[in-house]
2 protein chains.
Amino acid sequence: MNTDPAPAPRRYAKGEARRTAILEAALDVFATAGYRNGGLREVAAKAGLTHAGVRHYFPTKLDLLHAVLGWRDEQAIRQMSSLDGPVGVLRQWVEAARYNQNAPRMVELQVALAAEATSADHPLHDYLRERYEFAVGFLRGTFTALAARGELADGVEPESAARGLIALTDGVQTQWLLDREHVDMVELVRSAIQRLVTVEI
Amino acid sequence: MNTDPAPAPRRYAKGEARRTAILEAALDVFATAGYRNGGLREVAAKAGLTHAGVRHYFPTKLDLLHAVLGWRDEQAIRQMSSLDGPVGVLRQWVEAARYNQNAPRMVELQVALAAEATSADHPLHDYLRERYEFAVGFLRGTFTALAARGELADGVEPESAARGLIALTDGVQTQWLLDREHVDMVELVRSAIQRLVTVEI
DNA sequence: GTCTATAAGCGGATAGAC
DNA sequence: GTCTATCCGCTTATAGAC
């Protein structure tokens, strides 16, 4: 009979390392060439295997991209949700901009993706819609909570403040990619938020 | 002998008229079918000549696109500059958003272009950089003029207000393309501007 | 630049080595 | 479980005539 204790539910070390290598390669490729132009074979080459090997971990190309984006989304959401209140959320929003300022590839990916997934027939169209819907709802809730505390600036409406902040954050990325020396994403996002609330951000 | 007075130093009327006709046709075609799908023959037909005729004025399709964008920029700038003051400029900025709301293909063209011309090696990279540089300078001047009139909201700095407004205007387009029913570009732009100034927009 | 035909490359699927 | 070799159907890129 088996006297061993139940094995710990761990992932296989080699597989995990490969997975990470593939995700890093995919981020690089998608950020440079975009989702449509970036190829599985190029990702595979960067990760040191064949395209069929990549598909062992990520059955479809879309699964791969979702994995890349999902990791980042999860992290961001977890960080913002763990904060003690709406002010913390907005401060974390600024921190996300700071993080992006050190991850130009990720910014390129996001900008490229947002543009190409605009077409209704793009495979990521629905994903992106849901992502924006979630973000708008999340920020709308944040601004509503601030309104209840009386910490919202006069005339600020939660829905349009949410959409506006997201829009500005997106647009700032384009300007930053075009001229990184003269565009300060963090300060632009921070000052925009500051204009929406009465508390110090 | 020639008794006519010396001709005024003017451009060739026919060539200029043709040029304008082609640009109008190209704007229409690109805005309707997009840059990739819009064909020179369709542009030519709308302008009343053959595709070879179009190429006489614009050697390549990219030249034509560049000319269309520059032409449209000039028009927008002329409209904004002809206004009696900085408040008029901001109101015209809102009107530009309203115009875009009726030209979805044009918006798609702009969004796609802004993203792909982000790469340093894109043929329109320099054009886009200069376009943003000019727009930032123009709006910075507008906000500076408002500051001199005491019509700027507290804590608004012209440079970041200019970059922020441009960023928001860009970002709103992406959201609108993803969900035209729930995104009101005009109101989002207007309310953002309203938060920057003390006068009614 | 467009058109047409051809070539190349893509994501995807399978069988099997280890 | 991990991964390669190889194939398929399809889309896209390319070349040459116009």
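Chain letters run A, B, ... following the sequence lines, proteins first and then strands; every chain starts at 1. Since the structure is predicted, the reported quantities are computational estimates derived from the model, not experimental observations.
Just one residue in the list Gln92(B), Arg98(B), Arg91(B) forms a side chain to side chain donor-acceptor pair (under 3.5 Å) with Glu95(B), and that residue is Arg98(B).
What separates CG of Asn37(A) from C1' of dG11(C) is a distance of 14 Å, to the nearest Å. Atom CZ in Arg36(A) sits roughly 14 Å away from atom C1' in dG11(C) (whole-Å rounding). Between Glu42(A) atom CD and dC10(C) atom P the separation is 8 Å, expressed in whole Å. Taking atom CZ of Arg55(B) as the reference point, atom C1' of dT2(C) lies 10 Å away to the nearest angstrom. Remark: C1' of dT4(D) and CD1 of Ile22(A) are 14 Å apart, rounded to the nearest angstrom. Summarising the geometry, the separation between NE2 on His56(A) and P on dT2(D) is reported as 4 Å, rounded to the nearest angstrom. Separating the NE2 atom of His51(A) from the C1' atom of dT14(C) is a distance of 11 Å, rounded to the nearest angstrom. dG1(C) atom C1' lies 18 Å from atom OH of Tyr57(B), rounded to whole Å.
Using a 30° and 60° split on the angle between ring planes, His66(B) and Tyr127(B) fall in the perpendicular class, above 60°.
Across all strands, Gly53(A) comes closer than 4.0 Å to base atoms (heavy-atom distances).
Side-chain nitrogen and oxygen atoms of Thr50(A) include at least one within less than 4.0 Å of the OP1 or OP2 phosphate oxygen of dT4(D). When the side-chain nitrogen and oxygen atoms of Lys61(B) are compared with OP1 and OP2 of dG1(C), none of them lie within a distance under 4.0 Å.
Residue Thr60(B) places its side chain closer to dG1(C) than to any other of dG1(C), dT4(D), dG11(C). In this structure, of dA5(D), dG11(C), dG1(C), it is dG1(C) that holds the atom nearest to the side chain of Leu40(B).
Donor-acceptor pairing under 3.5 Å is lacking for the side chains of Thr142(B) and Trp93(B). A donor-acceptor pair shorter than 3.5 Å can be found between the side chains of Asp179(A) and His182(A).
Salt bridge annotation for Glu159(B)-Arg163(B): present, with a cationic side-chain nitrogen under 4.0 angstrom from a carboxylate oxygen.
Between the side chain of Arg41(A) and the base of dG11(C), at least one donor-acceptor pair of N or O atoms lies under 3.5 Å.
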